Amino acid sequence: MKLTTILAAWIAVAAASPLTAAEDHQQHQAPAHLQLSLDQGRKWATDEPLRAGMENIRSSMAGNLERIHNGKLTSERYHALGTAIQQQVTTIITQCKLDPQADAMLHIVISDLLSGADAMQGKGDMAPASGAHKVVEALNAYGDYFNHPGWRSLP
């Protein structure tokens with residue numbers, strides 16, 4: 001099933017019923033048996049919408065890392081950052097057109113981005129700083145497994 005189909009179903013369900021954040025997020029979790037891997041030893045192909053969205057998320061995180069590491073990011077800023085990440089993920093999912101295997105690998109990264117963004121917004125049991133760490137890990141994994149010229153990992 002294409003990631004865009006999953007997102008469209010998620011948006012329809014979210015708009016139609018008052019699901020909790022945990023219930024919404026369950027639909028974006030990658031299957032437990034699926035792990036990031038390369039495409040026969042090569043990084044997975046990307047497209048422009050994916051690269052643009054991931055650059056935007058990376059840029060947002062990079063601009064806040066010092067305050068996150070120093071414990072100086074406010075809860076309001078964490079919430080805004082988590083919301084911005086979710087918006088970028090929505091754009092990626094609706095515009096990105098990858099082949100099914102690359103799409104499945106991207107789903108793993110997307111799941112981690114959304115889980116981290118949820119925590120940054122105070123949803124669930126994970127602390128906002130831990131959510132930010134999860135987002136950084138997801139961004140770095142994206143760079144390890146997806147062909148994105150010029151991609152730079154975050155510290």
Side-chain angles (χ1 to χ4, degrees), residues 2-11 14 21-22 24-31 34-39 43-155:
K2 295 288 281 179
L3 195 53
T4 54
T5 304
I6 292 169
L7 178 65
W10 178 73
I11 290 171
D24 285 348
H25 184 67
Q26 291 300 317
Q27 293 184 28
H28 288 287
Q29 290 182 341
L34 197 58
Q35 293 180 319
L36 278 173
S37 62
L38 294 171
D39 180 14
K43 291 183 179 185
W44 295 97
T46 59
D47 62 8
E48 183 54 34
L50 173 58
R51 290 187 298 272
M54 294 302 282
E55 283 288 345
N56 289 337
I57 295 170
R58 187 202 175 282
S59 178
S60 293
M61 290 301 295
N64 288 285
L65 277 182
E66 184 176 336
R67 285 176 283 178
I68 291 168
H69 290 315
N70 293 330
K72 302 282 186 193
L73 199 66
T74 66
S75 59
E76 292 82 14
R77 187 67 194 126
Y78 269 118
H79 192 279
L81 191 53
T83 299
I85 291 167
Q86 287 178 330
Q87 290 169 344
Q88 284 298 315
V89 167
T90 298
T91 300
I92 289 169
I93 293 171
T94 58
Q95 295 179 2
C96 180
K97 306 289 185 234
L98 300 179
D99 72 56
Q101 292 173 319
D103 197 56
M105 290 295 108
L106 180 60
H107 198 141
I108 297 168
V109 173
I110 294 292
S111 176
D112 288 344
L113 288 172
L114 290 174
S115 177
D118 280 350
M120 292 167 69
Q121 293 177 70
K123 301 173 186 173
D125 296 332
M126 191 185 312
S130 296
H133 182 73
K134 188 169 187 107
V135 168
V136 168
E137 287 180 337
L139 290 169
N140 291 343
Y142 165 78
D144 291 341
Y145 290 93
F146 288 85
N147 185 12
H148 186 131
W151 183 261
R152 296 176 326 263
S153 293
L154 291 171

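All of these numbers come straight from a predicted model, not from anything done at the bench.
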- What do you reckon, are the aromatic ring centroids of Tyr142 and Trp151 less than 6.0 Å apart? yes

- From CA spacing to verdict: side chain to side chain contact (heavy atoms under 4.5 Å, CB included), Asn147, Trp44: CA-CA 6 Å; Asn147 185 12; Trp44 295 97; over 6 Å; no

- NE2/His133: more than 12 non-hydrogen atoms of other groups inside 6.0 Å: no

- Task: Start with the C-alpha gap between Met61 and Val136, add the side-chain angles, then the distance that decides, and say whether side chain to side chain contact (heavy atoms under 4.5 Å, CB included) holds.
- Result: CA-CA 7 Å; Met61 290 301 295; Val136 168; 3.8 Å; yes

- Query: If you take all heavy atoms of Tyr78 and Ala132, which pair is closest and at what distance?
  - Reply: CE2-CB, 4.1 Å

- Message: Measuring only between side-chain heavy atoms, which start at C-beta, is Pro49 closer than 4.5 Å to Thr91?
- Response: no

- Note on the structure: Looking only at heavy atoms, the pair that brings Pro155 and His69 closest together is O-NE2, 4.0 Å

- Task: Measure the shortest side-chain to side-chain distance between Val89 and Ile57 over non-hydrogen atoms and say whether it is less than 4.5 angstrom.
- Result: yes

- Evaluate the side-chain proximity of Gln86 to Asp118: yes if any heavy-atom separation is below 4.5 Å, no if none is. yes

- Answer yes when Lys134 and Glu137 have at least one side-chain N-carboxylate O distance shorter than 4.0 Å, and no when they do not. no

- Task: Would you sort out whether Met126 and Ser115 count as a side chain to side chain contact (heavy atoms under 4.5 Å, CB included), showing the intermediate values?
- Result: CA-CA 9 Å; Met126 191 185 312; Ser115 177; 4.1 Å; yes

- Task: Mind running side chain to side chain contact (heavy atoms under 4.5 Å, CB included) on Glu48 and Arg51 for me, showing each step along the way?
- Result: CA-CA 5 Å; Glu48 183 54 34; Arg51 290 187 298 272; 3.4 Å; yes

- Message: Less than 4.5 Å apart, side chain to side chain, heavy atoms only: is that true for Met54 and Val109?
- Response: yes

- Query: Does the side chain of Leu113 come within less than 4.5 Å of Leu139's, by heavy atoms?
  - Reply: yes

